[in-house]
Q: 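What follows is a structure written as structure tokens; I'll ask about it next.
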Amino acid sequence: MAQQNLPNGMPPQMVNSRPPFNTNMEKPPLQFNGIHSSHSSRDSSPSTRPGQQVPPSQLPPMRSTIPPSQLPPSRSPTNLINQKMGQLNVSNSNSRFNTSTPNQTLQNPSGLVSAFSPINVPKTDNSAGNQVFRQQLQQPPPPQQPQGNHSPYNSQGQNRTLINHGVPPYNHQIPQNQVLPNSQQTPHVNYNPPFQPQTYQRPLVNNHNQAPPHFQTMSQPKPVQNNNPVAQGGFNYNAAPNMNMPPPPQTQFKTNLHSNRYPQSQPQQPQPNMNPPQFYQQPQQQQHSVTQHGFNKMWGQDHVDLLQTPNILPREKVTPPKVYLGNEVLDSANCSPEVFRCTMTKIPESNSLLQKSRLPLGILIHPFKDLTHLPVIQCNVIVRCRACRTYINPFVFFVDSKRWKCNLCYRVNELPEEFQFDPVSKTYGDPSRRPEIKSSTIEYIAPAEYMLRPPQPAVYLFLFDISRLAVESGYLQSACAVLLEELKSLPGDARTQVGIVAYDSALHFFALGEGLSQPHEMTVLEIDDVFLPCPDNLLVNLKDRADLLTDLLTQLPTRFNNTYDNSSALGPALQAAHKMMAATGGRVTVFQASLPNVGPGALTAREDPSQRASTEVTHLNPANDFYKRLALECSGQQIAVDLFVVNSQYMDMATISGISRFSGGCINHFPLFKASRVLQNERFERCFRRYLTRKIGFEAVMRIRCTRGLSIHTFHGNFFVRSTDLLSLPNVSPDAGFGMQVSIDESLSDVQSVCFQAALLYTSSKGERRIRVHTLCLPICATLTDVIHSADQQCIVGLLAKMAVDRSMQSSLSDAREAFINVAIDILSSYKLSLNMGNGSSSLNAPQCLQLLPLYISALLKSTAFRTGTSTRLDDRVKAMIDMKTKPLSQLIQIIYPNLYPVHNLEEQPIILNSEEEPIPQPPHMQLTARCLDSKGAFLMDTGEHMIMLVCPGVSTVFLNEALGVRDYVSITDEMYELPVLDNLHNQRLHQFINYLNDEKPFVATLHVIRDNSPIRIEFFERLIEDRLENALSYHEFMQHLKTQIK
Ligand SMILES: [Zn+2]
């Protein structure tokens, strides 16, 4: 990995001074690579210092000096920072997150530099890299550039499409662009660089964004026969009208998706796209004519001045940007962004272009998400590429009725005859009718060849900590009660097995043998060399022994009430679990309340509570590798270990979480848990109930493939990397998310689109072997403007958070924080360059698609995972980091930046209808700042698993009486955890809205209604992260800081 991180042209010492983000993630030698990466986040630690409430009045933050703790590297004074920035901007493009360029090495110092040469990068820096850079600037542009076709138009791929025409356009979808004669294109090409700039470019964007008429025609799925040139020509004529539209910004869009199936057939022409868009070099006068501005707005390419826009958050929910492939059929077939998402909706055609944008390239996937609509098919032959094993998908090309061309490796494969059979209509015909070709997400019921052994039964083992701290927390009552209620709902068939083990300083096994009238407890005191006290009846058939299990779960909560054993033998208990389940695999659920302190895997307290607010955090990494090694053994036997941590003291999350991180498990954390605390207990019970009843996949592996020219080099999530791209997941759950970093190894300028395909092979709880396949197709683009405007800010934030966790563990927390800030600076600098704005500008511009990025980054810097200066328990921080690595994006964004809504006037808000035709009010999203609060309002903050409603003193009596069902303001107690159900509009709307929010969550969030004058209001105000908190900058101050750093 080290190589990857080294930015080209950087002198080695520079490199050392800024540890790249990924450092070791790349393809590390072995299996351990994906692993380092998991840490997570949860808002679990309330500020512990009393009296630190944030006065709401702070709002429009005054310009205050920036606290030293917030400055990027605490050690470097500002000028040093500037200098570093300068270096980074010019020559060290990947140092920030070392996002994208894995393969650059010092040996090739000039590569990066030349990449930048086209752009006017006005850096004054003494670094060697920069000098090289300057030289390059003075040289004539690289040979490819001079082609007349710089205009966005050309690069658009229309020319290329032409080239492709010669190729048999046999496709089930209509080969659209293929027909454009050169002569037609010519008029649109702007050869005159000075004019090209944005005016011409914008129009193109229109074409595809709008799905203009010609696209619609194209989208009619015409079966295979469309290689008739005449027809194609006709097609193009349709397109012609669009050409007159104002030029789109995103010229790069290549309409003919299928041409990439014939990359080799393209004549070697200089690629116009390779040229740096010339307009970057030219000062743009009249940049913003009225017309231009209008188009910018229309196509979402307008930019905003972050310094002048305090209310940056859109009123509506931020939705993922759409991917446009220029073909409605393909667009509608593409994978849902909720399942598969890339940090960009267009892939830069080269690594150097990616570097210029400074954006990280990666994908986030939520592969086992609960789906309401999932095509499932059973067939004898699953059609896959013989070379790369890609599953056939909507983006392949049909050479003729018998052959298809793989869209990942371009091999031509035979099509089995039965593929012409449509299992839905049960008729023979065009292969494009097949579900595999119509949907990017599909599930196969796998034939026997996909099984190494017969599918195993669902096996569930529960390990209960019964040490003194555990008993005192009271978790056992709650856990056993929920388990008892849900025993029958555990996913599985008639073979399902269940077992229970308890542990303190000893291991307590429970035999549930046939004929026993009650569970038989066996205590094993020997924990240094664990053995099982009896060969069977420890894991028993759920149906057959339901009575004994019920008996045991009823007795267990009180059975150890009188023990005062302070020890917790977690390690030995896990070893015993491994022995019990080795034959079948399955799921181990561990409830841990205290620091494991005896037997193998024993730990000592490492946290120094006096250092909880310091800027450097130690012990983020495991104290030993016991849990990781055991996890790998479990993984080998198809056993996943999940943790429910209900600790009241330090229990070394960083170390014991290894058991879940490497076995494909999950980690749930309930810090300072006491069953007597209503909210905590509710959340615990709901979380555990969801856990027990949610879908589960056993014996799973996931492989991610991508089009030739790209490579996936770093994995984030809980799993074990078995071979370079095969993730071993003994269990997979619908609540698990994963991330991968992607690099561009080869030029993609000769293809129109690229694909990522994730295939998840698993055994269902009913004992079926299944394969769930998701394919995401993205177009290629060739200009910096296109790249920047294709950014998916939420996805970028999701990926950056994962990379920052790795950086924290491999280097330091302050490095990770610095990298966050640098990313914001880099991206905004890159955008500024692309606009060619002078240095004198007083604005801080961001493209619309990235306008929230600085906000999210400032929120991340204040998150439990990455904050400094605020007292944060180490376990809470580590868990927050684990969440960053493993939560699906939608949940992660909500953790980073909770949603805030006014709820005192829901009956006046616009409504939408849900599937049951119930009206759902849609209040606006509010910025997380007290400035937006109103003393006459009530505000609901939704943090994901918990909602807080703040009721201000001036709120109307009607709202109090009818919506909340209380007599007056002071009647709201500190223990108001639910809303009454009343028969009036205010109350109904409030319930409808809250239910609507809950519908999107894995389980119903807890609710706390609090008064604005209650001491617990701190819970609400500490989440107003745009305001100045303790030592952390307000959002506005952060923007000012960024402004000073962008040259
Ligand atoms: Zn292939």
Q: The criterion is salt bridge (charged side-chain N to carboxylate O under 4.0 Å, His left out); which residues satisfy it with D652, sequence neighbours excluded?
A: R606
Q: For the pair K695 and D370, find out whether any cationic side-chain nitrogen is under 4.0 Å from an anionic carboxylate oxygen.
A: no
Q: Name all pairs fulfilling the side chain to side chain donor-acceptor pair (under 3.5 Å) condition that reach into residues 632-641, sequence neighbours left out, sorted by first residue then second.
A: S635-S728
Q: Out of curiosity, N597 CG to T604 OG1, how far, rounded to the nearest 0.5 Å?
A: 10.0 Å
Q: Taking it one step at a time, do R769 and T763 satisfy side chain to side chain donor-acceptor pair (under 3.5 Å)?
A: CA-CA 4 Å; R769 200 69 174 145; T763 300; 2.8 Å; yes
Q: Can you tell me which residue pairs pass the ring pair (Phe, Tyr, Trp, His ring centres under 6.0 Å) test with a partner in residues 541-563, sequence neighbours excluded?
A: H508-F560
Q: Hey, does F738 have a side-chain heavy atom less than 4.5 Å from the side chain of H366?
A: no
Q: Strictly by salt bridge (charged side-chain N to carboxylate O under 4.0 Å, His left out), give each pair with a member in residues 550-571 just once, sequence neighbours left out.
A: E521-R559
Q: Is it true that the side chains of T872 and R612 contain a donor and an acceptor less than 3.5 Å apart?
A: no
Q: State, yes or no, whether a side-chain contact exists between D876 and H669 at a heavy-atom distance under 4.5 Å.
A: yes
Q: What residues, two or more places apart in sequence or in another chain, satisfy side chain to side chain contact (heavy atoms under 4.5 Å, CB included) together with D529?
A: E526
Q: Can E945 and T1006 be counted as having a side-chain donor-acceptor contact under 3.5 angstrom?
A: no
Q: Considering only heavy atoms from C-beta outward, does the side chain of L452 approach that of E699 to under 4.5 Å?
A: no
Q: How long is the straight-line distance from CD of Q497 back to CE of M580, given to the nearest 0.5 Å?
A: 9.5 Å
Q: Could you go through the side chain to side chain donor-acceptor pair (under 3.5 Å) check for S478 and N681 one step at a time?
A: CA-CA 7 Å; S478 306; N681 197 51; 2.6 Å; yes
Q: Using 30° and 60° as the class boundaries, would you call the ring planes of Y691 and F688 parallel, tilted or perpendicular?
A: parallel
Q: Run the side-chain hydrogen bond (donor to acceptor under 3.5 Å, both in side chains) test against S676 and tell me which residues pass, sequence neighbours left out.
A: none
Q: Can you name the residues that form a ring-ring contact (aromatic ring centres under 6.0 Å, His included) with F684, not counting sequence neighbours?
A: F670, F673
Q: Could you tell me which residues satisfy salt bridge (charged side-chain N to carboxylate O under 4.0 Å, His left out) with D493, sequence neighbours excluded, listed by chain and number?
A: R495
Q: To the nearest 0.5 Å, tell me how far F510 CZ sits from N537 CG.
A: 14.5 Å
Q: Evaluate side chain to side chain contact (heavy atoms under 4.5 Å, CB included) for L892 paired with K802, printing each intermediate quantity in order.
A: CA-CA 11 Å; L892 183 56; K802 296 176 193 339; 4.0 Å; yes
Q: Report yes or no: does Q894 contribute a side-chain atom to a donor-acceptor pair with the main-chain N or O of T943 at less than 3.5 Å?
A: no
Q: Answer yes or no on whether R587 is positioned over the face of Y460, meaning its NZ or CZ is under 6.0 Å from the six-membered ring centre and within 45° of the axis.
A: no
Q: One pair to check against side chain to side chain donor-acceptor pair (under 3.5 Å): R661 and S657. What are the steps and the verdict?
A: CA-CA 6 Å; R661 285 155 57 193; S657 61; 3.2 Å; yes
Q: What I'd like to find out is whether the side chain of V530 reaches to under 4.5 Å of the side chain of P572, using heavy atoms alone.
A: yes
Q: Give every residue pair that meets the ring pair (Phe, Tyr, Trp, His ring centres under 6.0 Å) criterion with at least one member in residues 462-503, sequence neighbours excluded.
A: F464-F591, Y475-F591
Q: Quick one: ring-ring contact (aromatic ring centres under 6.0 Å, His included) partners of Y977, sequence neighbours excluded?
A: H1008
Q: Nearest 0.5 Å, please: how far is CG in L574 from CG in L463?
A: 6.0 Å
Q: Can you confirm whether the side chains of D465 and S467 place a donor and an acceptor under 3.5 Å from each other?
A: yes
Q: Please walk me through it: do T693 and S489 pass side chain to side chain donor-acceptor pair (under 3.5 Å)?
A: CA-CA 6 Å; T693 54; S489 315; over 6 Å; no
Q: Which side-chain N or O atoms in residues 998-1005 pair as donor and acceptor under 3.5 Å with protein atoms at least two apart or in another chain?
A:
| from | atom 1 | to | atom 2 | distance (Å) |
| --- | --- | --- | --- | --- |
| N998 | OD1 | A1005 | N | 2.9 |
| N998 | ND2 | I994 | O | 3.4 |
| E1000 | OE1 | K317 | NZ | 3.1 |
| K1001 | NZ | D942 | OD1 | 2.7 |
| K1001 | NZ | D942 | OD2 | 2.8 |
| K1001 | NZ | G944 | O | 3.0 |

Q: For Y650, enumerate each residue passing the ring-ring contact (aromatic ring centres under 6.0 Å, His included) test, keeping only those at least two apart in sequence or located in another chain.
A: none
